[in-house]
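What follows is a single structure, written as structure tokens, with notes after it.
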Amino acid sequence: MQWHCDVGADETVRVDKLVGIATSRDYRAVYPPRARALDTVARADSFDTAAAANRAAWDELWAGADCEVVGDDRVTQALRFATYHLLIAANPHDPTVSIGAKALSGEGYRGHVFWDTEVMLLPFFLFTQPRAARALLGYRHHTLPGAREVAADNGTGGARYPWESADTGREECPRYTPDGKDRFYTREEELHITADIAYAIMRYATVTGDDDYLFGEGAEILFETARFWVQRCVEDGDRLALRTVMGPDEFHSHIDNNAYTNRLVHWHLRQAAAVYERMSRERPERVHELMASIGLDAGEPAQWLATADRLRAPIDPDCGVIEQFDGYFDRTVVPIVDWDDNGMPRLPVGYSPFDCETTSLLKQPDVVMLLHMLPDEYSTATRRLNYEFYEQRTMHKSSLSPSIHAIVGLQVGDSRTAQRYFERSAFVDLDDNQGNTEEGIHIAAAAGTWQVATHGFGGLRADAGGLRFAPALPASWQRLRFAVHWRGRSVRADLGHRDARFELVGAGPSVEITVWDRPVTLEPGVVAEVGAP
């Protein structure tokens with residue numbers, strides 16, 4: 001189609017084009033794509049009304065998700081860059097899709113879904129768009145049949161989630177590097193993703209209080225994956241072991257009793273049993289329905305607890321340095337002696353990511369990741385000791401790594417190093433400081449950057465007892481401002497070095513939060529000011 005028009009000096013021609021998009025795979029679509037696309041155009045009175053509706057939708061999104069640093073425009077730009085890419089990546093209306101490792105910006109990793117979604121991305125959506133968080137978990141239920149097939153292919157019952165997932169939930173991870181030189185063992189050994197998904201389910205339930213989800217799709221996943229762990233554990237004297245696994249640190253394969261994996265599995269099994277017990281008391285009819293649906297025996301939850309009790313896992317809160325896996329302390333210590341222009345370590349001469357097996361070098365946090373995910377399980381002294389030990393050995397060859405070290409570093413008092421790690425994460429794509437942004441942005445780093453700002457420098461914690469804040473801002477920042485979605489309401493935080501302000505948005509009763517270890521009651525529409533102790 002062509003248009004011809006005569007335009008005089010100082011005149012403007014405006015062409016409005018309205019396009020409706022629909023596909024054959026749209027979630028729960030009733031009418032054919034063409035009919036739905038035409039209906040989209042018909043419902044838009046004009047371009048101006050469509051643009052106004054678009055602006056209003058974005059205003060609402062930014063009101064709940066914006067994160068701003070007063071006094072550092074460059075950091076604010078990085079946070080808003082990260083927030084934008086996170087917001088466009090999730091579809092709160094479609095629980096059959098998730099977010100690939102490069103989100104919508106590139107084809108790296110072929111769009112596959114990793115553990116990044118549950119451990120890195122989900123916290124952002126939990127506190128800014130709970131409906132999107134629910135949809136992301138819905139993807140794992142949608143692909144549960146594939147996870148059952150993966151477990152069966154590996155000789156167990158229950159459900160085991162693949163390391164790389166796509167539309168079916170089957171394993172999509174390649175066996176070799178593209179050049180065929182090096183073997184990937186992640187598809188066979190990086191089993192912790194199954195426990196990571198259970199962790200995400202429980203975090204969602206804790207933050208949102210959504211028991212309907214927990215006692216529905218959540219419980220089905222928890223129970224089926226608990227069954228997998230029971231069968232995957234092997235006898236080891238009077239204990240149980242998980243052999244031939246790989247933890248988050250992918251420099252070491254074929255290892256036994258990875259601390260991160262074992263501890264998360266221990267936690268997973270106990271949480272599954274606790275959910276079963278709650279459902280038996282509060283929703284007995286739902287328990288009976290689920291038992292019939294998946295063939296669950298009434299004695300299985302006790303078996304989950306028995307397995308957890310026998311599984312070798314570092315559960316002593318004062319155990320000192322936690323050995324990352326059996327024999328890790330015997331690996332050759334190779335000191336890190338060289339750093340790049342970003343202050344990040346370089347691999348020692350003669351080593352590559354595929355030949356660090358015999359060394360103590362780590363690709364990314366493993367024990368430190370455990371401390372991040374279960375902070376209340378270990379004392380501050382234990383966390384500090386382990387952070388200092390493993391920080392000296394971590395190469396940060398994953399974009400997930402710096403943000404986790406920043407958060408744990410802040411928790412144990414290492415604010416100087418934490419700020420360096422934060423900047424590495426925040427500018428990984430804006431500065432292309434890893435040299436591979438052309439393959440797509442690092443969406444996990446974007447979510448990690450938001451987590452460092454809010455959970456790290458903002459000191460945000462959330463559990464069944466409510467929200468807690470303990471801000472500790474970098475000296476160059478004047479204030480940190482962000483909003484947190486909490487049980488259907490929004491809490492706006494405006495944090496300074498010696499003061500903090502909070503506003504509860506939305507009708508309803510007052511909400512009690514904790515700021516610098518002191519209780520603060522928030523009333524709707526009233527700004528509460530708190531001074532530092």
Side-chain angles (χ1 to χ4, degrees), residues 27-28 92-96 118 122-123 125-127 129-148 151 157-161 169 194-231 264-309 374 376 462-467 485-489 508-509 511:
Y27 182 62
R28 289 185 174 176
H93 306 290
D94 190 345
T96 68
E118 282 72 35
L122 194 76
F125 295 105
L126 272 180
F127 292 106
Q129 282 190 290
R131 187 172 178 179
R134 171 67 179 79
L136 291 173
L137 293 174
Y139 166 79
R140 293 301 188 178
H141 187 263
H142 174 68
T143 57
L144 182 57
R148 291 187 178 106
R160 169 191 160 184
Y161 282 93
T194 298
D196 300 327
I197 291 168
Y199 176 89
I201 289 169
M202 295 308 300
R203 282 297 294 160
Y204 172 83
T206 296
V207 172
T208 65
D210 186 354
D211 285 345
D212 288 336
Y213 166 77
L214 180 61
F215 296 158
E217 293 182 5
E220 185 175 3
I221 295 174
L222 289 172
F223 298 170
E224 287 284 65
T225 49
R227 288 169 141 176
F228 161 71
W229 291 124
V230 169
Q231 296 186 37
L264 259 291
V265 171
H266 177 276
W267 183 91
H268 176 177
L269 290 168
R270 298 193 71 84
Q271 292 294 323
V275 170
Y276 177 87
E277 192 275 334
R278 270 195 65 197
M279 288 176 65
S280 298
R281 286 186 288 106
E282 300 175 22
R283 306 274 182 91
E285 72 291 344
R286 176 57 189 150
V287 170
H288 296 317
E289 292 172 2
L290 187 55
M291 291 175 70
S293 173
I294 65 175
L296 183 70
D297 184 88
E300 288 190 65
Q303 189 179 21
W304 302 340
L305 291 174
T307 300
D309 290 342
L374 299 177
D376 295 330
D463 54 32
L467 296 174
H485 197 283
W486 179 252
R487 305 292 176 88
R489 321 274 286 286
V511 170

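Positions are given from 1, in the same order as the sequence printed here. Values below: every heavy atom of this structure, side chains too, minus hydrogens, waters and symmetry copies.
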Selection residues 300-309 - residue pairs positive for side chain to side chain donor-acceptor pair (under 3.5 Å), sequence neighbours left out: R227-E300, R270-D309

Exercise: identify the closest heavy-atom pair between Y276 and A298: OH-CA, 4.0 Å

A side-chain contact here means heavy atoms from C-beta on lying under 4.5 Å apart; do [X] and [Y] qualify?
X    : Y    : value
R487 : V511 : no
W229 : H268 : yes
T208 : W486 : no
Y139 : D94  : no

With rounding to the nearest 0.5 angstrom, report the [atom1] to [atom2] distance, [X] to [Y].
X    : Y    : atom1 : atom2 : result
E220 : L144 : CD    : CG    : 5.5 Å
L269 : F228 : CG    : CZ    : 11.0 Å
D196 : T225 : CG    : OG1   : 11.0 Å
Q231 : R160 : CD    : CZ    : 13.0 Å
H485 : L126 : NE2   : CG    : 11.0 Å
I197 : L137 : CD1   : CG    : 9.0 Å

Check: residues 284-297 side-chain donor-acceptor pairs under 3.5 Å, at least two apart:
residue: R286; atom: NE; partner: F215; partner atom: O; Å: 2.9
residue: D297; atom: OD2; partner: G299; partner atom: N; Å: 2.8

Cationic N near anionic O, under 4.0 Å, R140 to E118: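 Answer for the salt bridge query: yes.
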
Residues that R281 engages under side-chain contact (heavy atoms from CB on, under 4.5 Å), provided they are two or more places apart: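 So R281 forms a side-chain contact (heavy atoms from CB on, under 4.5 Å) with E277, R278.
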
side-chain contact (heavy atoms from CB on, under 4.5 Å) partners of P92, counting only residues at least two apart: R131, A132

R203: salt bridge (charged side-chain N to carboxylate O under 4.0 Å, His left out) partners, not counting sequence neighbours: none

Any donor-acceptor N/O pair, D210 side chain to Y213 backbone, under 3.5 Å: yes

Those residues that, when tested against T143, pass side-chain hydrogen bond (donor to acceptor under 3.5 Å, both in side chains) (two or more places apart):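 Testing T143 for side-chain hydrogen bond (donor to acceptor under 3.5 Å, both in side chains), a comparison that skips the adjacent residues, returns none.
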
